[in-house]
Colleague: 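One structure is given below, represented as structure tokens, and several questions about it will come after.
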Amino acid sequence: MEPKQKKTFNPIEIREDFPILNQTIHRERPLVYFDNGASTQHPRQVIEAMDDCYVRTYANVHRGIHWLSEQSSAQYEQARTSVRRFINASHGNEVIFTSGTTGSINLIARSWGDANVKSGDEILLTMLEHHSNIVPWQQLAERTGAVVKFIQLTEAGELDLDHMHSLLSSRTKIVSFASVSNVLGCRTPVAELTAMAKTVGALVVVDAAQSVPHDKTDVQSWGADFIAFSGHKMLGPSGVGVLWGRQSILEEMQPFLGGGSMIDQVTTDGFTWGELPARFEAGTPPIVEAIGLGSAIEYLENIDVDQIEEHEQVLVKRAYELITEIDGAKILGPAAECRAGLVSFVIEGVSSQDISILLDQLGIAIRAGHHCAMPLHKQLGIKASCRASFYLYNTLDEVEKMGEALKKVVQRLR
Ligand code: 7TS
């Protein structure tokens, strides 16, 4: 189904689609949800699409020749088509459903990495990465004897492209980086980094978990070989995510999980693989979750991603101002103008954990901790930070509330 006429963007109207946001907690305080970097909430449309599948059309996919299986298989494949359209992939075969960003990156490390990476090869990451884009590569390095290297950040908190340049060599086999940092909120220049990596013939992987939900994604213009993202960060359910891979590379890759669906023939002597994308979707996939993700994409397509991005800019700019007014506050990462819709900060002499606990008592959900980016926190000389991360249903009024609450909380904790 092609997207309909886009709605005019209005966060107040949008909120009506999200039942979970319309509640009070902790002594009648309206819930303010600013933990969207971890996971987003679900509109009725997504809940209803999943519910409808369970109520009317659920069966396993690509197996039974019966009505229910045909219905659910068609809906599952429709979801793949929606993903393809949303990220501008050239073919549905390039869209593999996985369990999430973590599942996607592990798939690449196992399937492509084990076959192509040798002792002495180098895997280049950045200091911005989430553990999901570090540990699978460290595991690959342990298995193969490859070496993992990290591109450093500049004083301004951006990737140091000169350092990247100095690290690239004929030994660089893989370059993998986030398109948006889940801590600093900065966007990385994906096409430029990809072009640099390609000068030494490296495979390019983009961890797009924090950008696909918020920014327009065009995998063809990025020029990377793989991108990974998660359904639950873009209004969809948990348990489903996407690996987009260049078809010519996927065709050459061996599946890392074996089982049902991924084969063509199995005999007592061995097996032959199936076609794409089934080759990488062994076993029963997250059927209803993929259908939910398809519905989330249709919801986002009705709105216009550019407007979501603009709205988040307004919120982040105001949050930046309000946090900066607090004595001893330090915002991590670049200036408000060039960041995606999240802001991480520390406040001198006050524990991030305590801030988050007291904000929660006032109904405001933020995240405190290392946000699964321990190397970055270590580099910044801190153990933890607070993070407020926004999405299309958040309002300026909520940001003002957080600013006021933060002042009170810090006063109390000092
Ligand atoms: N990459 C980035 C950049 C992320 O932000 C996350 C999750 C992941 C990978 C992993 O995604 P998953 O769906 O496979 O778990 N980030 C966060 C976060 O910032 N807070 O909680 C989860």
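Below, each value reflects all heavy atoms present in this structure, side chains not excepted, and no hydrogens, waters or symmetry copies. Counting starts at 1 for both ligands and their atoms, in listed order. Since the structure is predicted, the reported quantities are computational estimates derived from the model, not experimental observations.
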Colleague: To the closest 0.5 Å, what do you measure between CZ (Phe280) and CH2 (Trp273)?
Modeller: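 Rounded to the nearest 0.5 Å, the CZ-CH2 separation comes to 7.5 Å.
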Colleague: To which protein heavy atom is atom 9 (C) of ligand 1 closest, and what is the distance rounded to 0.1 Å?
Modeller: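 For this ligand atom, the closest protein heavy atom is Asp207 OD2, 3.4 Å.
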Colleague: Under 4.0 Å from a heavy atom of Ser230: give me the atoms of ligand 1 that qualify, with their elements.
Modeller: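 Atoms satisfying the 4.0 Å criterion: 11 (O), 12 (P), 13 (O), 14 (O).
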Colleague: Do Lys216 and Asp306 have side chains that get closer than 4.5 Å, going by heavy atoms?
Modeller: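 Side-chain contact under 4.5 Å: yes.
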Colleague: Write out the residue and atom name of the closest protein heavy atom to atom 4 (C) of ligand 1, then the distance separating them to 0.1 Å.
Modeller: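 Of the protein heavy atoms, His130 CD2, 3.4 Å lies nearest.
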Colleague: Quick check: closest heavy atoms across Val180 and Gln210, and the distance to 0.1 Å?
Modeller: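 Val180 and Gln210 have their closest heavy atoms at O-CB, 3.6 Å.
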Colleague: Does Gly37 reach ligand 1, in the sense of a heavy atom lying below 4.0 Å from it?
Modeller: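 The answer is yes, since Gly37 has a heavy atom less than 4.0 Å from ligand 1.
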Colleague: Parallel, tilted or perpendicular for His311 and Phe9, by the 30°/60° rule?
Modeller: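 His311 vs Phe9 ring planes: tilted.
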Colleague: Compute the minimum heavy-atom distance from Lys233 to ligand 1 and say whether it is under 4.0 Å.
Modeller: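 Checking ligand 1 against Lys233, which is what was asked, there is a heavy-atom contact under 4.0 Å.
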Colleague: Closer than 4.0 Å to some heavy atom of Ser132 - which atoms of ligand 1 meet that?
Modeller: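 Those of ligand 1 that fall under 4.0 Å from Ser132 are 8 (C), 9 (C), 10 (C).
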Colleague: Nearest protein heavy-atom contact for atom 19 (O) of ligand 1: which residue, which atom, what distance?
Modeller: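 Looking only at protein heavy atoms, the one closest to atom 19 (O) of ligand 1 is Arg387 NH1, 2.6 Å.
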Colleague: Can you tell me the protein heavy atom closest to atom 15 (O) of ligand 1 and the distance?
Modeller: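 Among all protein heavy atoms, the one nearest atom 15 (O) of ligand 1 is Thr102 OG1, 3.8 Å.
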Colleague: Under 4.0 Å from a heavy atom of His232: which atoms of ligand 1 are those, numbered in the order shown and with their elements?
Modeller: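 That gives atoms 12 (P), 13 (O) of ligand 1.
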Colleague: Identify the closest protein heavy atom to atom 20 (N) of ligand 1: which residue and atom is it, and at what distance?
Modeller: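 Scanning the protein heavy atoms, the shortest distance from atom 20 (N) of ligand 1 goes to Arg367 NH1, 2.4 Å.
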Colleague: Checking Asp17 against Tyr393: is there a side-chain donor and acceptor pair closer than 3.5 Å?
Modeller: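 No, no side-chain donor-acceptor contact under 3.5 Å.
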Colleague: Quick one: are the ring centres of Phe18 and Tyr33 less than 6.0 Å apart?
Modeller: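 Centroid distance Phe18-Tyr33: not below 6.0 Å, so no.
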Colleague: List ligand 1 atoms under 4.0 Å from Gln210, heavy atoms only on the residue side.
Modeller: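 With Gln210 as reference, the close atoms of ligand 1 come out as 3 (C), 4 (C), 5 (O), 16 (N), 19 (O).
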Colleague: Is the side chain of Ser344 donor-acceptor paired with the backbone N or O of Val183 at a distance under 3.5 Å, no angle test?
Modeller: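 Here the side-chain-to-backbone pair exists.
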Colleague: Run the numbers for me: atoms of ligand 1, each under 4.0 Å from some heavy atom of Asn182, listed by number.
Modeller: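 Result: 5 (O), 18 (C), 19 (O).
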Colleague: Whether the Gln75 and Ser72 side chains hold a donor-acceptor pair (N or O, under 3.5 Å, no angle test) is what I'd like checked.
Modeller: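 Looking only at side-chain atoms, Ser72 and Gln75 do not form any donor-acceptor pair under 3.5 Å.
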